[in-house]
Amino acid sequence: MNIDYKQLANKYQTPYYVYDFDYITSQYNELKTAFKARKSLLAYAVKANSNLSVIKHLADLGAGADCVSIGEVKRALKVGVQPYKIIFSGVGKIDSEIKEALELGILMINVESSAELDRVETIAKELGKVARISIRVNPNIDPQTHPYISTGLHENKFGVDIDTAKRMYIQCKNSENLDPTGIHLHIGSQLTQLEPIKESVKIVADLVRNLEALKIDLSFFDVGGGLGIVYDDEKLIDTNEYAQSILECLFGLDITVVCEPGRFLVGNSGVFVSKVLYEKINGEKRFVIVDGAMNDLIRPSLYNAYHKIEVLNDNKEFSDCNLVGPVCESGDFFAKNIELPKTEHNDLVAIYSAGAYCFTMASNYNTRGKVAEIAIENGQDRLIRKRETFEDIIALEEEYLK
Ligand SMILES: *Cc1c(COP(=O)(O)O)cnc(C)c1O
């Protein structure tokens, strides 16, 4: 990635996010190629980065979309993702969302509880529709990742156990308004160990074989997302090994593989750039204060996540500091106890690996407008979301002033 951060700062001001679309293309192609031995669908997990231009870029490459709200489904449809490539997941779908998903005719609704299956059946009946269903199985495997992004243990709220899943598939088979179409698992995010994935896929593949014996034939086997990326010095799962071991578990099954990568496709395409406002010393502690903050990029505050950080100046005088933003919270930091060079007002600071779960988690806390998003493609930059203004932030309140 060869990006002139200074030129972008002059053109678009700071803070901003910049995403390298060519990198997204190469990540997509790498994973798609790894699954080439079978029919496969890569359904991009839209929540990682739901900018319309990002989704469109992936849709143009052939990607589907894994969505966790009807809003995300509508984003995907808006930029041309085919309905038959859209999956709707999530533990708490609202009645109106289920209704709309059925009307839009997406590939399948990924059901996460018995109660939800009943809701979907009732709503499908009211609409006179047949709902294509996939059931999210919780294989109770420890994915060996951060507890906040682990989802495949019974202690997590996601999915249903094997026996419940089986009962739910039988309910689908016996219902006029439910069509058992797929099966789904997703054990966590930022996975760097292949073994838990293999074990989980094996457990769920056995269930698929059991279901076949009951004359329930599924068309899609959705292995979820979760492939990790390098933030620091992580050793990654090799994508070929990943695909290979999944396909091995599915031996003998006539089923299309679905994979739902989010972070893997976009995480390392993005950089968050802010600029230094001040340096200060409180007692012994040095603070570097930048114009970006936790409302723009919350992962360090929320998960204590590590992001590689660089000050873009030539100063060689490094010392320990905390890199913080202007928000009125002690939790507003990007890094603590980090060695950074001495800075001057307006020096740029790059925070890497900021393409996934960064802008999408941004808020207007402290009445700070969401920042600009920029795409780089074939060496050309373009704005893909303009910086929010004060007027944008108050727009939905102003008319109610008494
Ligand atoms: C969040 C999520 C994903 C994507 O996870 P990544 O770690 O970004 O790949 C995939 N599937 C489901 C159901 C999810 O909730």
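One-based numbering, in listed order, for ligands and for the atoms of each.
- Between the side chains of Tyr12 and Asp381, at least one donor N or O sits under 3.5 Å from an acceptor N or O.
- No side-chain heavy atom of Ile87 sits less than 4.5 Å from a side-chain heavy atom of Ile106.
- Contacts with ligand 1 closer than 4.0 Å are made by side-chain heavy atoms of Asp66 only, the backbone lying farther away.
- For atom 8 (O) of ligand 1, the nearest non-hydrogen atom from the set Phe264, Tyr357, Phe158 comes from Tyr357.
- Considering backbone and side-chain atoms together, Arg136 places no N or O closer than 3.5 Å to any N or O of ligand 1.
- When the heavy-atom distances from atom 2 (C) of ligand 1 to Gln190, Lys47, His184 are ranked, the shortest goes to Lys47.
- Taking 4.5 Å as the limit, every side-chain heavy atom of Val204 sits out of range of all side-chain heavy atoms of Val201.
- In this structure the side chain of Lys47 never reaches within 4.5 angstrom of the side chain of Thr360, judged on heavy atoms.
- Residue contact check for ligand 1: Ala356 places no non-hydrogen atom closer than 4.0 Å to it.
- Among all protein heavy atoms, the one lying closest to atom 7 (O) of ligand 1 is Ser189 OG, 2.3 Å.
- Seen from the ring of Phe88, Lys93 counts as a face-on cation partner, given the 6.0 Å and 45° thresholds.
- Glu373 and Tyr19 form a side-chain donor-acceptor contact under 3.5 Å, judged by distance and modelled atom types alone.
- Ring-centre distance between Tyr231 and His307: below the 6.0 Å cut-off.
- By the criterion of a heavy-atom distance under 4.0 Å, both the backbone and the side chain of Glu260 are placed next to ligand 1.
- Around the CD atom of Glu344, the shell of radius 6.0 Å holds no more than 12 heavy atoms that belong to other residues, nucleotides or ligands.
- The cationic group of Lys280 does not satisfy the cation-pi geometry with Tyr278, failing either the under 6.0 Å distance to the six-membered ring centre or the 45° limit from the ring axis.
- The contact set between ligand 1 and Arg263, taken as ligand atoms under 4.0 Å from a residue heavy atom, comprises 6 (P), 8 (O), 9 (O).
- In terms of N/O distances under 3.5 Å, ligand 1 is not approached by Ser89.
- Closest protein heavy atom to atom 9 (O) of ligand 1: Gly226 N, 2.8 Å.
- The shortest N/O to N/O separation between Val68 and ligand 1 does not fall below 3.5 Å.
- At the shortest separation from atom 4 (C) of ligand 1 among protein heavy atoms lies Ala45 CB, 3.3 Å.
- Backbone and side-chain nitrogen or oxygen atoms of Pro261 are examined, and none is located within less than 3.5 angstrom of a nitrogen or oxygen of ligand 1.
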